[in-house]
Amino acid sequence: MFADLIKRLTGETDTQPSDVDPRVAFPALLVRVARADGEYAEVERDMIRGITQHWIGGSPFEAAEVLRQAEELEAGASDTVRFTRAIKDSTALEQRRGVIGEIWRVVLADGRRDEEEDALMRLIANLLGVNDRDSNMARKAVEDER
């Protein structure tokens, strides 16, 4: 029932695969989360660049290019579903739990959490098929590392 509500609210009405390259979808999702509080701090951008490099397994130059593409994609995207669907279609649940942990790193990178970021995290976790408990455990692990 909750999933149906989310689908209606986000405009997700079809089950077609995403048209977004997962290599770009994850960094675009990170950028969306970083911008959710109205700021896109350099510390967040640096973190996203590092996560992107690890995600794609490429050089710093390649990661910078993918991040550039992701920033453009995110700026023009009307919803988050395109990004989460691309990730969900291309990764197993365990890897998606790791994705949630990386997203929490970005949320917490600037040293504060905003209501907008928390709400977006709940939506993203749900769309990725990661339950609240696992998302909270990932957040706690990131907080404990700090």
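These numbers were taken from a predicted model, which means no experiment stands behind them.
- With contacts defined as side-chain heavy-atom distances shorter than 4.5 Å, the pair Q95/I87 does not qualify.
- Contact of the R112 side chain with the D37 side chain is registered, since non-hydrogen atoms from C-beta on lie closer than 4.5 Å.
- Under a hydrophobic clustering in which Ile, Leu, Val, Met, Phe, Trp and Tyr are joined whenever their side-chain heavy atoms come within less than 4.5 Å, directly or via other members, V43 and V106 fall into different clusters.
- The shortest distance between side-chain heavy atoms of V31 and R45 does not fall below 4.5 Å.
- The shortest side-chain heavy-atom distance between R122 and D118 falls under the 4.5 Å cut-off.
- Here the CZ atom belonging to R23 is positioned 10.0 Å from the CD atom belonging to E65, to the nearest 0.5 angstrom.
- Comment: R97 engages E94 in a salt bridge, judged by a side-chain N to carboxylate O separation of less than 4.0 angstrom.
- When side chains are defined from C-beta on, I124 does not count as touching V130, because their heavy atoms never get closer than 4.5 Å.
- Atom CG of residue D132 and atom CG of residue N126 lie 7.5 Å apart, to the nearest 0.5 angstrom.
- Within a 6.0 Å radius of CD in E115, no more than 12 heavy atoms belonging to other residues, nucleotides or ligands are found.
- Screening residues 46-77 for ring-ring contact (aromatic ring centres under 6.0 Å, His included), with sequence neighbours left out, gives F26-W55.
- Nearest heavy-atom pair across I100 and S135 is CG2-OG, 3.7 Å.
- Between atom CG of residue N136 and atom CE of residue M121 there is a gap of 9.5 Å, rounded to the nearest 0.5 Å.
- Side-chain contact between V33 and E44: absent, with no pair of heavy atoms (C-beta onward) separated by less than 4.5 Å.
- With hydrogens and angles disregarded, no donor-acceptor distance shorter than 3.5 Å links the side chain of Q53 to the backbone of A63.
- The distance from atom CD of Q69 to atom OG1 of T52, rounded to the nearest 0.5 Å, is 11.0 Å.
- Note: the hydrophobic cluster containing V107 does not contain M137 (ILVMFWY, side chain heavy atoms under 4.5 Å, direct or indirect links).
- Put simply, the side chain of D114 never gets that close to the backbone of E116: no donor and acceptor are under 3.5 Å apart.
- Checked against R96 for a side chain to side chain contact (heavy atoms under 4.5 Å, CB included), the options L127, T91, D134, T84 give a single hit: T91.
- Considering all non-hydrogen atoms of both residues, A36 and E117 come closest at CB-CG, 4.1 Å.
- If you take CG on L128 and CG on L29, they are separated by 6.5 Å, rounding to the nearest 0.5 Å.
- Under the 4.0 Å criterion applied to side-chain N and carboxylate O atoms, R105 and E102 are assigned as salt-bridge partners.
- Expressed to the nearest 0.5 Å, how far CZ of R35 lies from CG of L120 amounts to 13.0 Å.
- Proximity of a side-chain donor or acceptor of R32 to a complementary backbone N or O of A77 within less than 3.5 Å is detected.
- Side-chain contact between W104 and K140 is absent, with no heavy atoms from C-beta onward closer than 4.5 Å.
- Taking the side chain as every heavy atom from C-beta outward, R113 and R139 approach each other to under 4.5 Å.
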